[in-house]
Amino acid sequence: MIAKTREEKLQRIIQIEKKLGEIQDVDVLLERLLTEARHIVSADAGSIYITEDDKLRIKYAQNDTNLKKLAPGSKSPYISFSFPINEKSISGYVAKTMEPLNIPDVYTISSEAPYKFDKRTDEKTQYHTESMFTLPLKTASNRLLGVLQIINAKDSKGYVTGFDKDAELFITHFASNATQALEHAYLTSNMIKRMLKMAEFRDPKETSPHVERVSNFALEIYDRYAFNHTVSDEERHKFRDRLKIAAKCHDVGKVGISDVVLKKTYPRFSAEERAVMQGHTCIGANLFEPAEDPLDAMSRNVALYHHEFWNGDSRGYPGRMDYKMYEIGTPVKKGLPLKGKEIPLEARIVAVADVFDALSHKRCYKDAWTSNDAFTEIESLSGKQFDPEVVSAFLQVKDRISAIQNAYKDD
């Protein structure tokens with residue numbers, strides 16, 4: 001429900017800011033920040049950008065009008081592009097000047113203004129942008145983190161109007177406090193990135209694009225799974241925040257695997273070497289012991305169980321065994337396999353995301369499969385290696401999975 005009075009909006013902002021401070025993943029926070037900023041001032045659409053060197057990269061775009069045209073549970077197309085920070089574009093101008101910009105009608109911008117509105121997006125999406133409020137997301141030390149852009153404010157009757165002084169005040173205040181949460185999330189993100197970089201140094205297959213693809217795939221699968229199972233918004237927000245980070249850590253345990261095994265290309269593993277390699281699940285789980293919060297627990301579950309088989313096939317590992325007692329460098333002594341929902345949901349989701357990415361990208365021991373072949377293989381393993389409901393959700397978001405593949409290509 002959108003707050004209507006000034007007091008209600010201020011109270012809503014305070015409540016939202018508290019919830020934003022609890023989000024740990026940067027991307028999840030950015031998406032939520034955009035959603036809540038739009039709701040505060042009844043904006044129909046918007047985008048949020050992050051800085052990458054001297055460029056702005058779009059992270060999320062939302063459009064309620066176009067979303068209503070899609071089937072329930074669907075999302076707007078996944079988009080990814082970047083552009084220079086300069087005065088030619090509206091967002092670039094705001095990023096460069098570090099000052100907000102409120103435009104009543106983007107189609108009547110003065111020819112003397114250094115920036116212009118690119119109407120090609122409207123033409124492509126069959127949407128009409130009118131009012132636009134764009135502001136920088138900057139830290140207390142004036143460091144630019146990104147740009148928030150909200151579009152087409154609506155009045156109580158649903159008609160597009162401009163962003164008034166109250167809207168400017170609400171959003172500027174909200175963005176200022178949200179930036180503090182964003183700074184904190186970046187600290188968490190950087191810590192995770194350092195740990196993953198260590199894994200990448202050890203295993204050339206664990207590249208940054210692979211990790212980003214798997215975590216983004218996992219989020220898309222979960223969002224659709226949550227819709228299919230009518231998961232409450234509160235539960236969904238908490239789960240997806242943890243999942244986005246935990247999925248990145250699925251193979252971090254490979255830091256403890258010997259180079260003799262880890263970097264072997266030909267011939268493939270002996271039975272003993274394969275069992276040693278499987279030890280990465282136990283090593284990864286132990287990195288999150290003791291589990292001090294729900295994120296630790298989910299990261300441990302993903303690392304430990306993402307190679308289990310839904311049908312309990314003995315090829316899954318490590319099964320029921322005391323991973324805390326595992327000795328690095330020794331073959332895993334697998335226990336009785338886990339089966340079905342004994343495997344945590346987060347691990348069942350990452351299992352699909354990880355295998356799909358491995359199939360569709362080149363490895364030292366195999367060529368890349370086509371995306372169609374990889375999708376077909378995942379579908380064929382439904383009910384065998386993978387949870388059928390997770391596979392169903394995965395296949396329902398094929399377009400977004402393919403778009404993520406294109407956005408995060410191997411270097």
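A side-chain donor from one of Y323 and E289 sits under 3.5 Å from a side-chain acceptor of the other. Side-chain polar atoms of E168 and N102 form a donor-acceptor pair below 3.5 angstrom. Checking D410 against H210 by side-chain atom types alone, no donor-acceptor pair falls below 3.5 Å. One side chain, H173 or N177, offers a donor N or O that lies under 3.5 Å from an acceptor on the other. Looking at D122 and T129, their side chains do bring a donor and an acceptor atom within 3.5 Å of each other. Side chains of Y127 and D44: a donor-acceptor N/O pair is present below 3.5 angstrom, by distance only. A side-chain N or O of S91 and one of Q149 form a donor-acceptor pair less than 3.5 Å apart. Remark: the H361 side chain and the Q405 side chain contain no N/O donor-acceptor pair separated by less than 3.5 Å. Side chains of N190 and K193: no donor on one and acceptor on the other come within 3.5 Å.
K254 places a side-chain heavy atom less than 4.5 Å from the side chain of M277. Taking the side chain as every heavy atom from C-beta outward, L304 and P318 approach each other to under 4.5 Å. For the pair F239/V231, no side-chain contact is recorded, criterion being any heavy-atom separation below 4.5 Å from C-beta on.
The cationic atom of K154 (NZ for Lys, CZ for Arg) does not lie both less than 6.0 Å from the six-membered ring centre of Y159 and within 45° of the ring axis.
If you run side chain to side chain contact (heavy atoms under 4.5 Å, CB included) between L148 and each of T134, I171, T179, only I171 comes through. For the side chain to side chain contact (heavy atoms under 4.5 Å, CB included) with F217, the qualifying choice from Y222, F356, Y408 is F356, the only one to do so.
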**Asked** ring-ring contact (aromatic ring centres under 6.0 Å, His included) between F375 and F394: does it pass, once the steps are laid out?
**Response** CA-CA 9 Å; F375 278 119; F394 169 75; 5.3 Å; yes
**Request:** Applying ring-ring contact (aromatic ring centres under 6.0 Å, His included), run through H307 and H250 and close with a yes or a no.
**Result:** CA-CA 10 Å; H307 287 294; H250 65 284; 8.3 Å; no
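Counting non-hydrogen atoms of other residues, nucleotides and ligands closer than 6.0 Å to CD of E234 gives a total of 12 or fewer.
Between the side chain of D354 and the backbone N or O of V350, no donor-acceptor pair lies under 3.5 Å. Under a 3.5 Å cut-off, the side chain of D241 and the backbone N or O of Q24 do form a donor-acceptor pair. Panel note: side chain E308, backbone G319; a donor-acceptor pair is recorded below 3.5 Å. Formation of a donor-acceptor pair under 3.5 Å by the S402 side chain with backbone atoms of D399 is not found in this model. The backbone N or O of S89 sits nowhere less than 3.5 Å from a side-chain atom of D118 that would complete a donor-acceptor pair. Here the side chain of R38 pairs no donor or acceptor atom with the backbone of I150 at under 3.5 angstrom.
Under 4.0 Å is where a charged nitrogen must lie from a carboxylate oxygen, and between E31 and K59 no such pair does.
Taking the six-membered ring for Trp and thresholds of 30 and 60 degrees, H280 and H306 have ring planes more than 60 degrees apart, a perpendicular arrangement.
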